[in-house]
Structures are given as C-alpha cells and as structure tokens.
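Residue indices begin at 1 and follow the sequence shown. Excluded from the calculations below are hydrogen atoms, water molecules and symmetry mates; all remaining heavy atoms, backbone and side chain alike, are included. Counting starts at 1 for both ligands and their atoms, following the listed order.
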Amino acid sequence: MTTRDEAAREAAALSEQLHKHAHLYYVLDAPELPDAEYDKLFQRLQAIEAEFPDLRTPDSPTQRVGGKVLEGFVKVRHKVPMLSIRTETDISPGGASAFDARVRRELGLAEDGPQVEYVCELKFDGLAMNLRYENGVLVQAATRGDGEVGEEVTQNIRTVRDIPLRLNGKAPPVVEVRGEVYMKRADFDALNERQREKIAAGQKNEKVFVNPRNAAAGAVRQLDPAIAAARPLSFFAYGLGEVTPASEGGPDFPTQFDWLQQFDAWGFPVAKQTARARGAIELIAFHENIGRQRDALPYDIDGVVYKVDSLELQRQLGFVSREPRWAVAHKYPAQEQLTEVLGIEVQVGRTGKLTPVAKLAPVFVGGVTVTNATLHNEDEARRKDVRVGDQVIVRRAGDVIPEVVGVVPESLAKPEGERGPLFTMPRQCPVCGSEALREEGEVDYRCTGGLFCGAQRKEAILHFAARRAVDVDGLGDKLVEQLVDANLIRTLPDLYRLGFTTLAGLDRMAEKSAKNLVDALEASKKTTLPRFLFGLGIRHVGESTAKDLAKHFGKLDAIMDASEEQLLEVNDVGPVVAQSLRTFFDQPHNREVVEQLRACGLTWEEGEPAARAPKPLAGLTFVITGTLPTLSRDVAKDKLESAGAKVAGSVSKKTNYLVAGEEAGSKLDKARELGVSVIDEAGMLEILANGVPS
Ligand code: IVH
C-alpha cells in the first residue's frame, strides 16, 4: 500500500467524512450518503487501521463496533457530583405552580415581580451518563452510580451511534456532557423479537426484556462490547459536568438554554421539544402539550423537567441535600404498574380471533383504572408464563389496549405446585362452542362459527351487506349495532325478516329511511354467486377467489360439497383456502344459514361448471425475464399458469424454459450457465399453442 504518512492523511479524511455522515444519519435524521457508500468508506478505514494499528485512535468511527471483552467495570469518581432531581408528586397542573411559587419565594421575588424564565425539557426514561471530552475527543463515559462514584463504560458507549466520538467545531480542553442513554420503542421491540427467536432456537441464557429502560441498562453494563453494540441505544444531552473555566479559555454561557444549543452544535441530540417558558402558566402549557404528544413519541418519557434557565439564579438557589432547588421533575401518570392476575379468560373478537385476557386486581395505570389486560395469543401467554395468582407488570400507553408485560421474578420463582396451570387455548369458541382452529404459520386461534357466532355477528352482517357483497344500500355499522343490540337480528336471514314496522319503530329511524332500507333489502336479493359467496365471509375467500370458485363450479351446491382435492383444482386456490372452505361448509349451522337465505328469496344465476381446462404444460417450470415485445410479464405469466405451468422467480436447475425479452440480464446468464432452454415471446406462444416440441 502507501506510506504511513499517506495512510494517516487518508485515515483522517475518512474519519472526518464518516463522523459527518454518522451525525447526519443518526442525529439529524437527514442522511446524504447511501448506506452502501458509507459502508465502503468505513471498510476502507478499517483496512488502513489494520495495516497501521497506531492510526486507530479512540475516536475513530471504527471503534463503534465494540472492542475486547472486559472482566469488570472500573470505578470512576465524578469531578462534579451527578445529582438527582426532586420529583413533584402532584401530577396535576398544580405541580408546576407549586414549583414556580417555591422558586419565587426562595429568590425573594415579590408577587407582582417579573416572571422567572425556565427551560422545559423531557424527562427521559433511561439512565444518566457522564461523557468526558478532552480536546474534543470522547475519552471516558461513566454511569451515575451513587452520584459520587460511577462505573466506566466507555467501550460500550462508543457503540452508541448518536454520541459524537469527537465534538464538532471548537472544543474546550475539558468538557463533560451529561444526558440520558435510552432505547427507542421500535428498537426495543426489534431487540425483543430477536431475543425471542434466540430463545425459540434453544439459547438458554437469553431473555426477553421487560421494558426499554431495563434493556438499555443491560446493554450499558454489558462486559462484551460486541453484544452492547448489537443493542441499539440512543442518547439525549441535557446537562453539564466538569468544564474548563472561562478564565482558562473554557466556554461561558449564561443560561441552560445556551448550553443546550452548544450541545447541539457539538453534535449531540437535544430533544426538539425543549422550550423556554416564563412563569407557571407556560410551564403548565408545556406539561399539557407534551402530555398529549407523549404516546406518539418514539421513546418513553415519564414526565417533563423544569429548570431555572439562568445559571446565576441556579447558583443563588443552590441545593437541598442532593437535589437542586432550581429543577423539578413533573411527572405523568405511570404507564406501568404491578398488580395481581385474578383469572385468565378468552375473548372472541368481531372477526373470530380468540385472545387470552388477564383479569386483574384493579390498578391505576396510564391515567385509568385497568382490570383487563391482553396476553395477545397463546404463545405469548405461555412465553411470559403468566399464571393466575401471579404478580405482573401491566402497561397502558395512551389508547393502546393494556397489556401484561411480564411476571415479576418472585412469582416466577415459586415452585410449580404453588402456581396456577400454564395457559392453553380452549379448542372450542367460548361464545358459540364451534371449533377453534389455529392455521399453520398463524399465531391466532379463530372461531370457525362464522355466521353462527354471537361475537362475530355484527361484523358478519356488515360484511354480507357491503357494496362488494350483496350490497344492501344504507345498512351501515350504526344501524347494524342497533339491530343486533336490540336482538332484532341474530343471523343473516333475520335481515330479510325485518319488516317496515319494526324498522320504522327504531330510534332515529325516519319512515323514509325505513322504506329505503326495505327496498334495498329487496333489491339485494337478486345477486350473483360470487357476491353471495364473498358475502358469507369465509376466511381467505376474497372477491377474486369467490369469482374463480363460481366460474369453476357454476353452482353453489357444487362448491359446498366439493372435496379439498376438487377445490384445489380451482385457479389460485391453495391448501389454506381449500381447507377454510371445507371447514366453513362442514359446520351445519353455516349450511343452515345458506338454506335460510335461499328460502328468504336470495337468488342468482347458476351456470355450468367450466369445462376442465386442459393443462398441457403441467409439470413444467418457466422463468420470465426482460421486456417482452407484446405481452406484459403478468399476462405472460397468466397464460403459462392457465396452461398448467409453474412460473418461478429465479432460474435454477429445475427451470425448463427461460422466456427472455429485451434487456434480459443475470437470469439469462444463469440460464446459459445451467444449460436451460432460452426462448423468446414467440417461442412461448408457440409452445402455448402447440405444446412442447418433441
Ligand atoms: S437533569 C441536577 N434533565 O432523571 C439535575 N435529568 O432524578 C440533574 N433525567 O438521573 C439531572 N431526563 O437520569 C435531567 N431532562 C433531564 C432528564 C433527567 C431524565 C433523569 C436522569 C437523572 C434523573 C434525575
């Protein structure tokens, strides 16, 4: 390669570029470079550092991927203690007024004196970190610990992409930036998804994390930095530790807000919601405003923080024990609480989905009293190992349905005999007693009762009446709700038994609307077989499958009686659809509903079964590539499939023909390599017309 000098120059330039693009990507969310380009620069730098290891500086972007495994953490004494904030226990607006009143009193401000200026920040739910920069380079990261002594976690913190390894612009000899290391909800969910996969694959010492905070804390304290690097952490800056004094050339800012702006300029993420406020009224407005946004934020916060903006006033106010008088945390209702599981029930949704639900000792969480929390599905309930009598963590964020996050370790540690049984999903629908089935590859059990199941009644009726089904004009969800709740309709045929008098007697139903509905019901009786079939709401039978079935069999009875094998002969009907049709028509009450609908006068034209199309190309596999001169690829594919051929996406040894058009690329090369016959569109049409040349 090059001389060391050249390498050093190139490494410095690469490092510069990588820092810039990482900041654009991770902090500003405005990438300018495609990922692949970034990776190239990164790999180039890695290569140089491999050849000249002394060029591998602690602030090199390559240090983000994690270094050697540690044996333990070294203790670090903080030069400036890391304090905590007093929490305002009153979560109502009164909490903000009380803080402002206290500050004014301590500062000796008259009631009609000027408003105090504050900075309002978010209270992030992660862990506090002290980041020490010397001459602009990150040299040490330490946890808060007891506030006096923390632990050095520099290696792990270097893997946090939005923490600058080197400050942008002019940096003082020493500065310590403090802030919160946290995990975004989406990153947390993805991490847990990976953890679940590892557990499913039999990796015994892996676990699922209870919340983003725990996951973040675990990642920071990982002795193996490579594992820490795989746990995506983020950072927000909010405070200052040691800094070179102004008298020795350090920066001198009069307010907290100015410091936050400096952090931003140095390349740290600073929450964009941060705002200045004057007096209690503006504090309250901030608290309420963020409260509304809370659930939409991509990370957890448990409150907001108010800080007196002027550093001079902060000095005047000072501290009580370990808490500054100039700051307070104003909380929101907790989104997680502990409670006891009193029972586990199964609920049936409008679409027939069975959901296990934990019945809880009432608990106030996320601002409401919660007595039910979802366990999502059988696998989740078993994985979390939730049993009756357990203490569990319940989470309710915003309007999201409350969920059981996990069981506390004390309950999990109880001997098996002292706990309730492990949850299993009933094989019968708890509402209608029909069989409950879990299809292959699905996590949910579903009631197969369809039209018969009380839980699915409203949905079934709405679906049947929909425009794309039998189309009962004017039968919307409000009306269906009313009709079902008043017990006027239980199954679909009841719809056609509603008379004008009954309808006109309903709340908010004018005579004219009642008449219109009677007419619409009458009009809907003359329908088509595909609409009727689609309207039955058979799982996996959409409009186009319904059309295919009608065309293939011609008559409803033929469809109802077809075996799975016969069903499989229909275009686009696979085993899942075939089985679903069979299950549906095997339930006597579903057949009963069909009979009654016919008896109510629903009619459609029936036809002859489509002559079984010959499948001359059955057993052959085609691949299509490039642009064909006259046919679109979809049309070509349809033609081949109708003749029984399989059309695959990539060329392999099993491919019989490659149909190649203009600008055919790698597939053509591959076909040639494997000796697959290559034909053009005309060749394909020839085969379709006259079969494979012998
Ligand atoms: S300032 C002297 N600002 O809350 C004040 N802390 O109990 C020092 N926290 O350990 C902290 N968001 O982990 C401050 N915007 C924010 C914060 C914040 C979250 C955490 C931090 C600290 C704890 C204080």
Less than 4.5 Å apart, side chain to side chain, heavy atoms only: is that true for Arg419 and Leu412? yes
4.5 Å side-chain heavy-atom contact, Asn372 and Pro402: no
Pair Arg102 + Glu88: basic N to acidic O under 4.0 Å: yes
Starting from [atom], locate the nearest protein heavy atom and write down its residue, its atom name and how far away it is, to 0.1 Å.
atom: atom 2 (C) of ligand 1; value: Pro324 CG, 3.5 Å
atom: atom 22 (C) of ligand 1; value: Tyr238 OH, 4.0 Å
atom: atom 4 (O) of ligand 1; value: Lys123 NZ, 3.3 Å
atom: atom 13 (O) of ligand 1; value: Glu180 OE1, 2.6 Å
atom: atom 8 (C) of ligand 1; value: Leu83 O, 3.7 Å

So, for [X] and [Y], is the gap between ring centers shorter than 6.0 Å?
X: His330; Y: Phe99; result: no
X: Tyr306; Y: Tyr118; result: no
X: Tyr238; Y: Tyr182; result: no

N or O contact, Leu122 vs ligand 1, cut-off under 3.5 Å: yes
Atoms of ligand 1, numbered as shown, that sit under 4.0 Å from any heavy atom of Ser84: 7 (O), 24 (C)
Can you list the ligand 1 atoms lying under 4.0 Å from a non-hydrogen atom of Ile85? 1 (S), 5 (C), 6 (N), 7 (O), 11 (C), 14 (C), 24 (C)
Over 12 foreign heavy atoms within 6.0 Å of CZ, Arg322: yes
Tell me if the CD1 atom of Ile281 is crowded by more than 12 foreign heavy atoms within 6.0 Å. no
Below a 4.0 angstrom heavy-atom separation, can you tell me which part of [X], side chain or backbone, both or neither, approaches ligand 1?
X: Asp125; answer: neither
X: Arg144; answer: side chain
X: Lys307; answer: side chain
X: Trp326; answer: side chain
X: Phe124; answer: both

Parallel, tilted or perpendicular for Phe268 and Trp266, by the 30°/60° rule? perpendicular
